[in-house]
Amino acid sequence: MKTAQSIAREVQSGESSASAELDNSLSAIRARDEELNVFLYVDEEGARATAASIDERVARGEDVGPLAGVPIAIKDNMCQTGIPTTCSSKILEGWRPPYNATVIDRLIAAGAVPVGKTNLDEFAMGSSTENSAFGPTRNPLDPSRVPGGSSGGSAAAVAANMTPLALGSDTGGSIRQPAALCGLIGMKPSYGLVSRYGLIAFASSLDQIGPFSKNVMDAAILLEAIAGHDPLDSTSLPEPSPSLVAHVNDGVAGKRIALVRELVEGADEDVVISVNRAVEALKDAGATIVELSIPEFRLGLSAYYLIAPAEASSNLARYDGVRYGLRVDAEDVAAMNEATRTAGFGAEVKRRIMLGTYALSAGYFDAYYGQALKVRTRMIDAFKRAYQQADLLIGATTPSVAFAFGTKTSDPMSMYLSDVFTIPTNLAGEAAVSVPFGTGEAGLPVGVQLLGPGRSEAQLFAAARVLEIAEDRS
Ligand code: GLN
């Protein structure tokens with residue numbers, strides 16, 4: 001499949017057209033979607049209209065934008081006017097948002113063509129897409145295995161060449177982890193860089209939207225197009241979109257990069273081998289490598305599984321059978337609320353709501369939620385100290401390559417551990433990218449994670465590009 005960058009160039013120059021590129025994308029979807037269960041909804045009609053209007057504007061000599069005619073897949077927890085948006089939950093079945101998420105408006109302004117909504121773990125809670133109410137997505141590289149989660153559908157869309165780009169959301173790892181398992185670039189931007197307006201909330205202090213792509217340049221183009229201040233999101237950084245594309249080839253010469261012991265601890269051997277090879281590649285490109293231990297990283301998982309469920313229990317209170325989607329009628333309002341929530345939410349979502357409600361309840365607040373917030377502050381301090389010794393950090397994205405269906409569904413704790421290396425970044429509100437580097441068990445891709453302080457996206461892409469070049473050469 002062509003890169004997003006080359007599609008945009010060809011559409012803008014008239015060598016190709018948005019409509020022809022969309023046709024390619026739709027036939028790739030038709031070829032494998034039944035097998036892989038990637039899309040919950042394909043907006044063929046809307047996408048055709050968007051593509052046709054781009055082609056008309058090109059014909060009139062207009063500059064359509066950096067993503068001219070590029071098909072893109074959208075995780076189904078982002079609102080698009082009139083398009084069914086489910087969060088892979090029965091509770092939202094049939095709901096059509098009356099407005100666009102800011103990212104959708106920005107994609108359209110950049111010339112992109114949203115083709116449809118992708119599968120996810122219900123309300124983005126999970127690491128394998130097995131928690132979707134509409135069945136799991138399969139990993140295009142090995143359909144007997146999971147694509148990761150929660151943005152598994154978006155990762156699979158790009159891995160299966162259905163679209164060159166996709167958007168996901170990352171609360172504890174949900175972009176980086178599926179990117180690692182599907183062999184893609186996936187970035188969690190700094191908190192506040194990309195507007196959350198129209199992203200259906202899971203844990204508002206952690207959620208961020210970010211890009212999936214097959215190569216670093218495409219991810220940089222996409223992130224640059226969607227980032228930047230949005231007055232509709234009160235947590236949006238008060239700055240314009242950073243310059244990322246211009247820095248992709250900056251390299252790492254003179255940078256200090258720290259290999260973090262806790263970011264490889266417990267990982268499978270094939271994963272550790274790839275991380276060590278990536279460290280060598282960065283060294284060969286002129287980086288200085290140091291080794292660090294950040295023991296606070298071991299506390300991330302426990303703090304996350306109090307903070308995220310606590311916020312979720314509050315955010316998900318709005319699904320009451322009155323305002324959105326599903327309603328199961330009963331004798332009075334309270335009984336209707338209960339019947340609707342019982343029927344509409346899946347097991348993992350119920351587990352999180354109960355954990356969160358308990359963590360916030362009177363008498364337990366200080367011991368659980370309050371304690372987790374203290375750990376979060378320690379995590380932020382630990383990162384700050386690390387960035388006095390290094391510009392960027394490196395480790396694994398996930399403990400293993402893509403796993404088989406059913407291997408972790410009976411034990412929530414083992415599923416939660418899939419995000420042990422990605423969670424610290426979310427708690428600190430910082431940025432990190434997963435880069436495919438080498439293969440492990442069964443020839444499946446391994447993801448190496450680069451972490452940076454807030455607003456280090458340009459540096460992270462530059463380091464990711466060094467690994468991409470090293471990988472192409474080997
Ligand atoms: N797997 C983690 C969870 O289930 C992270 C999910 C996410 O980033 N959306 O909470």
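Counting convention: from 1, in listed order, for ligands and their atoms alike.
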Query raised in the report: Do the rings of Y416 and Y305 sit parallel, tilted or perpendicular, given the 30° and 60° boundaries?
Result: parallel
Requested in this report: Hey, can you tell me if Y324 and Y319 have their rings parallel, tilted or perpendicular (30° and 60° cut-offs)?
Outcome: tilted
Query raised in the report: If you measure from the Lys or Arg side-chain nitrogens to the Asp or Glu carboxylate oxygens, is any gap between E471 and R277 under 4.0 Å?
Result: yes
Report task. May I ask you to test the E93-L326 pair for a side-chain heavy-atom distance under 4.5 Å? Result -> no
Query raised in the report: In order of chain and number, which residues sit within 4.0 Å of ligand 1 by heavy atom?
Result: A124, M125, G126, S127, S150, D170, T171, G172, G173, S174, F202, Y304, Y305, R352, D419
Query raised in the report: If you look at every heavy atom in G406 and E130, which pair is closest and at what distance?
Result: N-OE2, 2.8 Å
Query - From CA spacing to verdict: side-chain hydrogen bond (donor to acceptor under 3.5 Å, both in side chains), S241, R106 - result: CA-CA 11 Å; S241 182; R106 296 214 174 152; over 6 Å; no
